Chemist: 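Please read through the structure below; I'll follow up with questions.
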Amino acid sequence: MVFDRRETTILLTGDFLVLVVSLWTALFLRNLTLPSLSYFKENVVPFLPMFFLSLVVFYIAGLYEKQTRPIQRVMGVRILGAQAATVAIVAILFFVLPLSIAPKTILVLYLIVSVVAESSWRFMRMRREVAEDKRMPTLLVGSSPAALELQDEVNGSNQYLIRFVDRVKTKGLSSSAILHTIKTGIKEEARFVVIDTSDPAFGHDIYTFYDLISDATFLDLISLYEEIFDRVPLDHMSSTQLFDFLPKRRALYDLSRRIFDIAFAAIGTIIAAPFIIISALVLFATGGTPFIYQERVGKGGRSIRLIKLRTMLFFDAGDSEKQKRNHVTKVGHFLRKTRIDELPQLWNILTGDLSFIGPRPELPKIAEVYEREIPQYRMRYLITPGLSGWAQIHDSNVPRGQADVVRTRRKLSFDLYYLKHRSFGLDLAITLKTFRALASLSGT
């Protein structure tokens, strides 16, 4: 569903002006002086095709369609991707065509400024729509816990451009009754319909909703849930459904990740060596072995051994009786806080047991409990575990020491989100957030 004409005109005009001002700002930053009119004209002419190309790319990216803008984060990613694609295309032309400008500097500055300016402009429009109570009336169809959680989140926050005006509880209703309720909701005010397509109430009659697509925009409940919560609705999806969503051919991505792991683990080992050696000497001097080897469950469910610096009096191997006499030492507390105790695991990355990014590997005995209690748990074993991951940066309330099925189910929902959506962009986001966590010294 496209915006109304007035809103579309406002966005198109605003986008064009923002791009022009972004170029002017880039010229100013490059020379640190106000661009003269002649200098600006000299550069704006070759940039005009880029402006119009940006608008086309924005349209292709869906930035003029209402359903692509319910969440600010999603819109920001779309703007960044659209502008990066535009700049990449035009950069090639600038190097090929005999243009009397300095494209390298200006293009880089223009990309940075335009992304910030476009995002600010679009978010301002979004906030104004929310402030003016222009949130799009939406009908929610579904009885699952995920549907209820989604309704509470969207209606309890003003950061979304949709609001649920009603929820159709499908339990006990026939597909014809559900269809009639949806028709009534659309006729009254609903512009969007978020529908749980896997709800058993629909059976094989989901095709009956196709006739309503011209009257309202239909969104999939699972997709919207994942965009809002950054995790999969675990209670809502079976292992079979998750498996169907998994990308089957990721050879280039997996190979690139492995090359990245080896290269950066080798560099990291050289940099980390002095810290590891000094820490090991201190631990040796205070009594006990400096290193411990912990058994974990790796890719494919096979056993791996992680190497870490000792942070407790002794290694208790998860024994409940030994744990009563064990505690974190003063040196160990410092090593945990600074994450130095994790540095020896760079060796595990070099050997391929670990990756920099992936689900955190679990103790075998505890993993057995989760495999038995959580049907989807073994899906984690489809990829190599990692030092950091989507779950680690989103959920700090994770079980430590003993099995906790409730909290692990939530943690698993983040792991499976990563498994489903893993990409270079997602890996980069995890890496940046991990560096932020390291800088905050938030280790425990």
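Quantities reported herein were computed from a predicted structural model and do not represent experimental measurements. Along the sequence shown, the residues carry numbers beginning at 1.
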Chemist: Contact between I393 and I430 at the side-chain level, heavy atoms closer than 4.5 Å - yes or no?
Modeler: yes

Chemist: How many angstroms lie between CG in L343 and CG in L309, if you round to the nearest 0.5 Å?
Modeler: 7.5 Å

Chemist: Any chance you could measure L109, atom CG, to I106, atom CD1, to the nearest 0.5 Å?
Modeler: 8.0 Å

Chemist: Out of curiosity, I162 CD1 to T217 OG1, how far, rounded to the nearest 0.5 Å?
Modeler: 11.0 Å

Chemist: For the NZ atom of K433 and the NE2 atom of H394, what is their distance to the nearest 0.5 Å?
Modeler: 4.0 Å

Chemist: Assess whether atom CH2 of W24 is packed by more than 12 heavy atoms of other residues, nucleotides or ligands within 6.0 Å.
Modeler: yes

Chemist: Are the charged groups of K420 and E226 less than 4.0 angstrom apart, N to O?
Modeler: yes

Chemist: Would a distance-only check, ignoring hydrogens and angles, find a side-chain to backbone donor-acceptor pair under 3.5 Å from T13 to I10?
Modeler: no

Chemist: How far apart are the closest heavy atoms of Y225 and V232, and which atoms are they?
Modeler: CE2-C, 3.8 Å

Chemist: CG/L23 to CZ/F47 distance, rounded to the nearest 0.5 angstrom?
Modeler: 5.0 Å

Chemist: Please determine if R378 and E371 form a salt bridge, counting it only when a charged side-chain N lies under 4.0 Å from a carboxylate O.
Modeler: yes

Chemist: With side-chain contact (heavy atoms from CB on, under 4.5 Å) as the criterion, how do L139 and F164 come out once you've worked through the C-alpha distance, each side chain's angles and the decisive distance to 0.1 Å?
Modeler: CA-CA 6 Å; L139 187 64; F164 293 121; over 6 Å; no

Chemist: Decide yes or no for R191 and P137: does some side-chain heavy atom of the first lie under 4.5 Å from some side-chain heavy atom of the second?
Modeler: yes

Chemist: Under a 4.5 Å cut-off applied to non-hydrogen side-chain atoms, are L111 and S22 in contact?
Modeler: no

Chemist: Are Y110 and L19 packed together at the side-chain level, in the sense that at least one heavy-atom pair is separated by less than 4.5 angstrom?
Modeler: yes

Chemist: side-chain contact (heavy atoms from CB on, under 4.5 Å), that's the test. Do L412 and Q376 meet it? Break it down for me.
Modeler: CA-CA 8 Å; L412 180 63; Q376 304 93 336; 4.3 Å; yes

Chemist: If I compare all heavy atoms of G298 with all of P385, which pair ends up nearest, and what's the gap?
Modeler: CA-CG, 4.0 Å

Chemist: Applying side-chain contact (heavy atoms from CB on, under 4.5 Å) to Y377 and T408, what does each step give before you reach the verdict?
Modeler: CA-CA 9 Å; Y377 189 80; T408 297; 4.0 Å; yes

Chemist: Determine whether a donor-acceptor pair (N or O, by modelled atom type, separation under 3.5 Å) exists between the side chain of S144 and the backbone of A147.
Modeler: yes

Chemist: Just wondering, are more than 12 heavy atoms of other shown residues or ligands nearer than 6.0 Å to CZ in F424?
Modeler: yes

Chemist: Side chain of Y370, backbone of D404: donor and acceptor closer than 3.5 Å?
Modeler: yes

Chemist: Do any N or O atoms from the side chain of R30 and from the backbone of T25 form a donor-acceptor pair under 3.5 angstrom?
Modeler: no

Chemist: In terms of heavy-atom contacts, does CZ of F40 have more than 12 from other residues, nucleotides or ligands at under 6.0 Å?
Modeler: yes

Chemist: When you look at F16 and F52, which way does the ring-ring contact (aromatic ring centres under 6.0 Å, His included) test go after all the steps?
Modeler: CA-CA 8 Å; F16 183 81; F52 291 109; 5.6 Å; yes

Chemist: Do R409 and V405 have side chains that get closer than 4.5 Å, going by heavy atoms?
Modeler: yes

Chemist: What are the two closest non-hydrogen atoms of L350 and R258, and how far apart are they?
Modeler: O-NH2, 2.8 Å

Chemist: Between N31 and L27, is there a donor-acceptor pair closer than 3.5 Å when you use the side chain of the first and the backbone of the second?
Modeler: yes

Chemist: Indicate yes or no: at least one non-hydrogen side-chain atom of E149 is less than 4.5 angstrom from one of F229.
Modeler: yes

Chemist: Taking the side chain from S143 and the backbone from K171, do they hold a donor-acceptor pair closer than 3.5 Å?
Modeler: yes

Chemist: With no hydrogens and no angle check, do the side chains of Q294 and R296 hold a donor and an acceptor under 3.5 Å apart?
Modeler: yes

Chemist: Nearest heavy-atom pair of P359 and I383: which atoms, and what distance?
Modeler: CD-CD1, 3.6 Å

Chemist: Is any side-chain heavy atom of D230 less than 4.5 Å from a side-chain heavy atom of Y417?
Modeler: yes

Chemist: If you measure from the Lys or Arg side-chain nitrogens to the Asp or Glu carboxylate oxygens, is any gap between R167 and D152 under 4.0 Å?
Modeler: no

Chemist: Evaluate the side-chain proximity of I349 to L387: yes if any heavy-atom separation is below 4.5 Å, no if none is.
Modeler: yes

Chemist: Side chains of R163 and T138: any donor to acceptor distance under 3.5 Å?
Modeler: no

Chemist: Please determine, by modelled atom types, if T434 and S388 share a side-chain donor-acceptor pair under 3.5 angstrom.
Modeler: yes

Chemist: Using distance alone, with no hydrogens and no angle criterion, decide if W121 and D15 have a side-chain donor and acceptor under 3.5 Å apart.
Modeler: yes

Chemist: For T311 and D341, does a side-chain donor sit closer than 3.5 Å to a side-chain acceptor?
Modeler: no

Chemist: Show the nearest heavy-atom pair for residues L221 and V194, with the distance to one decimal.
Modeler: CA-CG1, 3.7 Å

Chemist: Does this structure show an ion pair linking D427 with R422, if we count only N-O contacts that are shorter than 4.0 Å?
Modeler: no

Chemist: Do R360 and D415 meet the salt-bridge criterion of a basic N to acidic O distance under 4.0 Å?
Modeler: no

Chemist: Working to the nearest 0.5 angstrom, can you tell me the gap between I307 CD1 and I292 CD1?
Modeler: 9.5 Å

Chemist: Give the C-alpha distance, both sets of side-chain angles, the deciding distance and a yes or no for side-chain contact (heavy atoms from CB on, under 4.5 Å) between E295 and L363.
Modeler: CA-CA 6 Å; E295 188 178 1; L363 287 164; 5.8 Å; no

Chemist: Using modelled atom types and a 3.5 Å cut-off, is there a donor and acceptor pairing between side-chain atoms of N348 and backbone atoms of R305?
Modeler: yes

Chemist: Do W390 side-chain atoms and R231 backbone N/O form a donor-acceptor pair below 3.5 Å?
Modeler: no

Chemist: Shortest non-hydrogen contact from V297 to A367?
Modeler: CG2-CB, 3.9 Å

Chemist: Please evaluate residues F414 and Y418 with respect to the criterion ring-ring contact (aromatic ring centres under 6.0 Å, His included), reporting the C-alpha separation (whole Å), side-chain torsions for both, the decisive distance (0.1 Å), and the verdict.
Modeler: CA-CA 6 Å; F414 287 105; Y418 175 75; over 10 Å; no

